[in-house]
Amino acid sequence: MKMTNRMAILAAVCTAAACAPAVELTDSTLELPDSYPEAVSADTVTIADISWEKFFPDTVLQRHIRTALEGNHSFLNCIERIKLAENGLRTARLGYWPSVSAGLSAGLERFGEYTMDGVGNATTNTPDLDRSKHIPDPYPDFGLGVSFSWEVDLWGKVTQKKRAALSRWIASREAASFAQSLLVSEIARTYFDLVNLDMKRQITTDAIDFISNSCKLTEDLKDAGEMTQLAVDQFNSRLLELKGELLETENGIASAERSLCMLMGKFPGHVERRNFYELRRMQYLSDTGFPDLLLTRRPDIREAEMELVAAECDLKAARRAFYPGLTIGGSGGFNAFDIGKFFLAPASLAYGIAAGLTAPVFNAGQIRNEYSNAAVRRNIVVNDYKETVIKAYSEVTGLIESNENILKRISVKREEMSTGKKATASANELFRMQFIGYLEVLSADRDYFECCESYVNLEIERMKLQADLYRALGGGGFRQPEAASKAR
C-alpha cells in the first residue's frame, strides 16, 4: 500500500513537470577581449580600487562631492530603493516559516425548533446527560485558539524566490554604487567646466586690455596723421566683440554655479573653486586594468549580473509551480458554550491537524503562461546584460584612446601658444614702428586668443576625461552616505 502511494505521488510529479512548456533560452555567456588597446600591465591597481577622496586630489572638489552625496535627492532615492529591496528580502525569507494566527471569538445563536440543529440539540439534552453539558437555547459560543498553515518547500520554490530577492537586493546596492560614481563624475565635470569658464573670463579680460592699448595707440597714430579712422573702428569693433564674449562668459559662470548647487542639493549661490593653474599641476591616477575586471568592478555590470541571477531564480521558481505542493495546517485552543467551563482542560480543549498534497490541474494554463513569461523576462535580462558589458568595454576603450590622444594635442597646443605669444608681441611692436598694418595685429591677436582658449579647453577636457574614467571603471565602490546612515 505504501509503495502504491509513493508511485502515485511520483506519477503526479512527473505529470505536472511534463506540463512545463519547452522554451528557448538565450545563452548568457559573453567573452571579452584580453585587454584594452594600450592597456597597462596586470600588476597595476585599477581605479575601481580607489576611493574618490584619493582619486581627486583637489580638496575643494572633495568637499563638494561629499556635500552632493549627502544632499543630492536623486541619489538619496537610490538609498531608499535599497531599503525596499531589503524589505523584499525579509519577506522572501519568511516564506520558510508557517503562517500563524491567533483569535478570540464570542457569539450567541438560536436555532429554530423545526430545523436539524434545533431537533438535534433537543434530543441531545437527555436526562442521563450531565446537566452542565446540556446545550442551552439560545446557544452561546466562546473560542480562543491558535491556527497555522505551512507550505513545505518540497521542490525549492521558496528557496529560489529567496535567492531572487537576495540578488535584487545586491543589484539595488550596485545601482546605488553606479549612481554614486555617476554623481561623483558629474560633480567633477561641472566643477571643471566652472574652472574653465573662470579661465576663459581671465583670458578675455587680458585680451580686452591688450586691444584697449592697441586702440589708444591707433588713435594716437591717427591724430598724428599716420593712421585712418578705419583702423580705429576695426580695433573698437574687436574690443566690443570681446566685451560681448565676456558678458556671455559671466552668464555661463552663473549657470554652471547653479547647476553645481543643484547637484549638491543646495539653493543657488557662490561655489568655491580653485584656479586653473592650481588644477593643472595636480596629478590623476589613470591605470585602467584588464577588461575582465569590468565584470567584478563596474557596478552597472554587477547590477545587470545580479538581475540575471534573479531572473534565473524566478524561472526556476515558475517551473516548480507545476509540481505538487504539500500544505500542513492545524489549530488548537479552548472552545465552550459555558464561560465558566471555558478554560477547563482537557474538557474544553479542541485541536486539529491536517496535511494535503495538491497539484495544478485546471489552472495549468495560467501556470504555463507564468513560466513562459518568466523565460521571456529572463531572455530580456540576458540581452540587457550583454549590451551593458559591450557598452562598458566600448566606453572604456574610447576614453583610454581619447586620453592618449589629448595628451599629444596638449603638447602641440603648448608649442603653438608659445609661438603665438611671440607673434602677438612682435606684431604689436612692428605696428608701433609702422612696419605692418593694423590687420596683421588684429589677426595675430585673434589667433593667440583662440589658441589660449583651445589650450585651456584641452587641459580641462583632460581633467574631465579622468572623471569619466573614474566612472567608467567603476571607481570607489558604494559607501552609504553618513546622513543616510543616521536616518536609518
Side-chain angles (χ1 to χ4, degrees), residues 1-23 25 84-105 143-171 306-335 345-346 348-379 381:
M1 185 66 180
K2 292 183 179 179
M3 181 60 69
T4 303
N5 292 338
R6 292 177 181 174
M7 293 300 294
I9 294 174
L10 180 61
V13 172
C14 294
T15 302
C19 295
V23 294
L25 299 179
L84 290 177
E86 288 177 353
N87 293 335
L89 179 58
R90 293 191 188 99
T91 302
R93 284 173 174 169
L94 293 176
Y96 289 109
W97 297 90
S99 174
V100 181
S101 60
L104 174 65
S105 63
L144 174 66
V146 177
S147 62
F148 77 95
S149 177
W150 181 36
E151 182 179 355
V152 182
D153 191 23
L154 285 178
W155 320 110
K157 182 171 67 174
V158 176
T159 300
Q160 295 301 328
K161 290 182 178 180
K162 188 202 74 170
R163 290 175 179 172
L166 177 61
S167 299
R168 289 193 171 94
W169 173 72
I170 298 174
M306 287 299 102
E307 291 290 351
L308 176 57
V309 173
E312 295 277 6
C313 293
D314 287 340
L315 182 62
K316 293 176 182 178
R319 184 175 183 85
R320 282 156 175 76
F322 290 94
Y323 302 160
L326 176 61
T327 303
I328 300 175
S331 62
F334 295 93
N335 190 215
S348 295
L349 187 65
Y351 62 87
I353 188 169
L357 187 65
T358 59
V361 177
F362 295 108
N363 62 349
Q366 181 180 354
I367 297 177
R368 286 170 63 89
N369 290 336
E370 288 294 331
Y371 178 74
S372 298
N373 290 339
V376 172
R377 287 192 292 267
R378 182 261 181 198
N379 290 342
V381 173

Drop me the distance from Gln160's CD to Arg319's CZ, to the nearest 0.5 angstrom. 12.5 Å
Tell me the closest heavy-atom pair linking Ala85 and Trp169, and the distance in Å. CB-CA, 3.6 Å
Where Ile328 and Phe148 come nearest, the two heavy atoms and their spacing: O-CE1, 3.9 Å
So, taking the atom named OG1 in Thr159 and the one named CG in Leu166, what distance separates them when rounded to the nearest 0.5 Å? 12.0 Å
Qualifying residue, where the test is salt bridge (Lys or Arg N to Asp or Glu O under 4.0 Å) with Asp314 and the options are Lys162, Arg168, Lys161: Arg168
Just verifying a value: how many Å separate Tyr323 OH and Ile367 CD1, rounded to the nearest 0.5 Å? 12.0 Å
Measure the spacing between CG of Leu308 and OG of Ser167 and express it to the nearest 0.5 Å. 9.0 Å
Measure across Gly143 and Asn335 and return the closest heavy-atom pair with its distance rounded to 0.1 Å. CA-ND2, 3.9 Å
Tell me, with the steps shown, if Arg368 and Phe322 meet side chain to side chain contact (heavy atoms under 4.5 Å, CB included). CA-CA 8 Å; Arg368 286 170 63 89; Phe322 290 94; 3.6 Å; yes
Calculate, to the nearest 0.5 Å, the distance between atoms CD and CD1 belonging to Glu307 and Ile170 respectively. 11.0 Å
If you compare all heavy atoms of Gly88 against all heavy atoms of Ala165, which two are closest, and at what distance to 0.1 Å? O-CB, 3.9 Å
